[in-house]
S.K.: 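One structure, pasted below without further comment.
Chain A is the first sequence line, chain B the second, and so forth, proteins listed ahead of strands; every chain is numbered from 1.
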2 protein chains.
Amino acid sequence: MVYHEGMTRTVDPSTKQMLSERVHTRLREAILRGEYAPGEALKPQQLAQQHQVSLAVVREALVLLVGEGIAVRLPNRGFAVPDFSDRRWQQIAEARRTIEPVMLRLAIERGDLDWEARVRAAHHRLARTRPYAPEEGEYYTSAWSEAHRLFHRTLLEGCGNPVLLDTFDRLWTAGELARRWSAQRTPDRDGVAEHRRLEEAALARDADTATEVLVQHLTLTVAALTSAPDQVGRRS
Amino acid sequence: MVYHEGMTRTVDPSTKQMLSERVHTRLREAILRGEYAPGEALKPQQLAQQHQVSLAVVREALVLLVGEGIAVRLPNRGFAVPDFSDRRWQQIAEARRTIEPVMLRLAIERGDLDWEARVRAAHHRLARTRPYAPEEGEYYTSAWSEAHRLFHRTLLEGCGNPVLLDTFDRLWTAGELARRWSAQRTPDRDGVAEHRRLEEAALARDADTATEVLVQHLTLTVAALTSAPDQVGRRS
DNA sequence: CTAACACGAATAATCGATTATTTTGCGGAT
DNA sequence: ATCCGCAAAATAATCGATTATTCGTGTTAG
């Protein structure tokens, strides 16, 4: 009796992922990267050909994206990238202003030494990452965006509640998507100082100051982006 | 040339729904109704046969459920109902205690006359619906559960922020799922009085009292269900 | 007797093709 | 010239079947 050598015991870890997961991840990144216009249709056939997979796989990935709020679905009319309005972006920002300060209080109250260390690490990484790539110019670098997200998330991770952190993740993703298409580009604000003050207040367990800085941080961002073009354009 | 009579111009609104949506809804209700054990596998083949649809449809519905947190997926191992632990249930309850009071403050601050009217209507409906069906005994009636959800949601709808309300919906659903399998049954607490006090404080625009009552409402529920059997069993 | 292995059955994931719906383009009537 | 209605094409939704992976079972080497 022949024992075949090509046993499926040892599998290549790189190819060891579901097709739909891979397509989902790639699509997610593409949308978040802004490679699609707001409202643009996501056509299964085109995507299937583009990614060399079947319709079912693409469809699965798209449904997953809908669940995440990164795509929308119109019955019998296919999938599309959501076209978030400025209004939507303000709503997301308000939701963050509503939820994150309370989470931060919990985190400051409960965070342990490991949390403190991770906050310092995340802040260091953020502070040492250049926000803009001079050559690319367009927008934040992906490295900075990720460091930014991780700093805010790490800060809140002290609360120790995965349900709340999941809520944060959702809001952050929605915000990234909406921010990309909002009317204004991000102004040159001193985000660096704000982040440092946030870190210091949190590690000093000064909840009042920390939440105040956080609210201001979130308010300034959205205000500068949408409702106060005067500040940016300096009219008259 | 023959013009076929069965033109698709006039469509029956009842059958005018995507198959996957219908299966998704039915599955969702079945799971929330507790027809599956925690951790039980959701087998596509079985469900496809049961609902008289193809695998792809069931699969789509299941992916959608995963996105909602009502099902989990293990790569190459299929779908299953999540087995929420008591710990998870406490985390969800804490998340609600964290988020909902702030939302309620917003609602009380912003709610208009229409909101007031809807709050009264929702409370009336809740108060006049019998929580338990004597014959069924097992659990809350679905009518009461829905009225309960709608009362809490209507109360928060005054905030006018769909993003926050979406967050509420998620937490509520997760809570319903987790509560069903938590160790304790719901004790005979005077939820009726709590709801009335909540309504009154909200309509009186008394944010402090309202949030206090809400926090207590949420705390008592989870405490009675999980961490304080003493209160229920009255030991010694 | 234990434990690892091979084999077969069950189930998950994927695919290619079919059916149903919407969109598009054309022709005719007002 | 514009609008309405009917095909034809495009695209979405669904299906049945194929391939890949895991799980259960019996067998055999140690």
S.K.: Expressed in angstrom and rounded to an integer, what is the separation of B/Gln45 atom CD from D/dA17 atom P?
M.R.: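 These atoms are roughly 12 Å apart.
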
S.K.: Provide, to the nearest angstrom, the distance between the CG atom belonging to B/Leu55 and the P atom belonging to D/dT18.
M.R.: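 Spelled out: CG on B/Leu55 to P on D/dT18 is 14 Å.
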
S.K.: May I ask you to decide if the ring planes of A/Phe168 and A/Trp172 are parallel, tilted or perpendicular, using 30° and 60° as cut-offs?
M.R.: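 Because their plane-to-plane angle lies in the 30° to 60° range, the rings of A/Phe168 and A/Trp172 count as tilted.
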
S.K.: Out of D/dT11, C/dC15, C/dT11, which has the shortest distance to the side chain of A/Ala56?
M.R.: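 Closest nucleotide to the A/Ala56 side chain: C/dC15.
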
S.K.: Any donor and acceptor pair, going by atom type alone, linking the side chain of B/Arg110 with main-chain N or O of B/Cys159 inside 3.5 Å?
M.R.: yes

S.K.: How many Å lie between CD on A/Glu21 and P on C/dA12, as a whole number?
M.R.: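 So the two atoms are 16 Å apart, to the nearest Å.
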
S.K.: If I take atom CZ in residue B/Arg73 and atom C1' in nucleotide C/dT11, what distance separates them, rounded to the nearest angstrom?
M.R.: 13 Å

S.K.: Just the rounded figure in Å: distance from P of C/dT11 to CD of B/Gln49.
M.R.: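 Taking atom P of C/dT11 as the reference, CD of B/Gln49 is at 11 Å.
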
S.K.: What nucleotide among C/dA13, D/dC15, C/dC15 has an atom nearest to a side-chain atom of B/Val53?
M.R.: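 The answer is D/dC15, which lies nearest to the side chain.
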
S.K.: Is it true that B/Glu29 and B/Arg26 have a side-chain N and a carboxylate O under 4.0 angstrom from each other?
M.R.: no

S.K.: What's the CD-P distance between A/Glu60 and C/dA12, to the nearest Å?
M.R.: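 My rounded result for the distance is 12 Å.
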
S.K.: Contact class for A/Arg59 vs. all strands (heavy atom < 4.0 Å): base, sugar-phosphate, or nothing?
M.R.: base

S.K.: Measure from CG on A/Leu19 to C1' on D/dT21 and round the result to the nearest Å.
M.R.: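 To the nearest whole Å, that distance equals 14 Å.
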
S.K.: In whole Å, what is the span from the CG atom of A/Leu47 to the P atom of D/dT11?
M.R.: 12 Å

S.K.: Assess the side chains of B/His217 and B/Glu100: does a donor N or O sit below 3.5 Å from an acceptor N or O?
M.R.: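 No - no donor-acceptor pair under 3.5 Å links their side chains.
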
S.K.: Of the nucleotides D/dT11, D/dT14, C/dA13, which has the atom closest to the A/Met18 side chain?
M.R.: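 Given the options D/dT11, D/dT14, C/dA13, the side chain of A/Met18 is closest to C/dA13.
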
S.K.: Please tell me if A/Ser20 has a side-chain N or O lying less than 4.0 Å from either OP1 or OP2 of C/dA13.
M.R.: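 For C/dA13, OP1/OP2 do not have a side-chain N/O of A/Ser20 under 4.0 Å.
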
S.K.: Within the structure, does a side-chain N or O atom of A/Arg77 lie under 4.0 Å from either OP1 or OP2 of C/dT23?
M.R.: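 So the side chain of A/Arg77 is within the cut-off, an N or O lying under 4.0 Å from OP1 or OP2 of C/dT23.
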
S.K.: Using heavy-atom distances to pick each residue's nearest nucleotide on DNA chain C, tell me which of A/Gln52 and B/Pro44 is more 5'.
M.R.: B/Pro44

S.K.: Main chain of A/Val63, side chain of A/Arg73: is a donor-acceptor contact present, judged purely on distance under 3.5 Å?
M.R.: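 Judged by distance alone, no pair lies under 3.5 Å.
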
S.K.: Which of the following nucleotides, C/dT14, D/dA13, D/dA12, is nearest to the side chain of A/Lys43?
M.R.: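 From the listed options, D/dA12 comes nearest.
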
S.K.: From the set D/dT14, D/dT22, D/dT11, return the single nucleotide nearest to any side-chain atom of B/Asn76.
M.R.: D/dT22

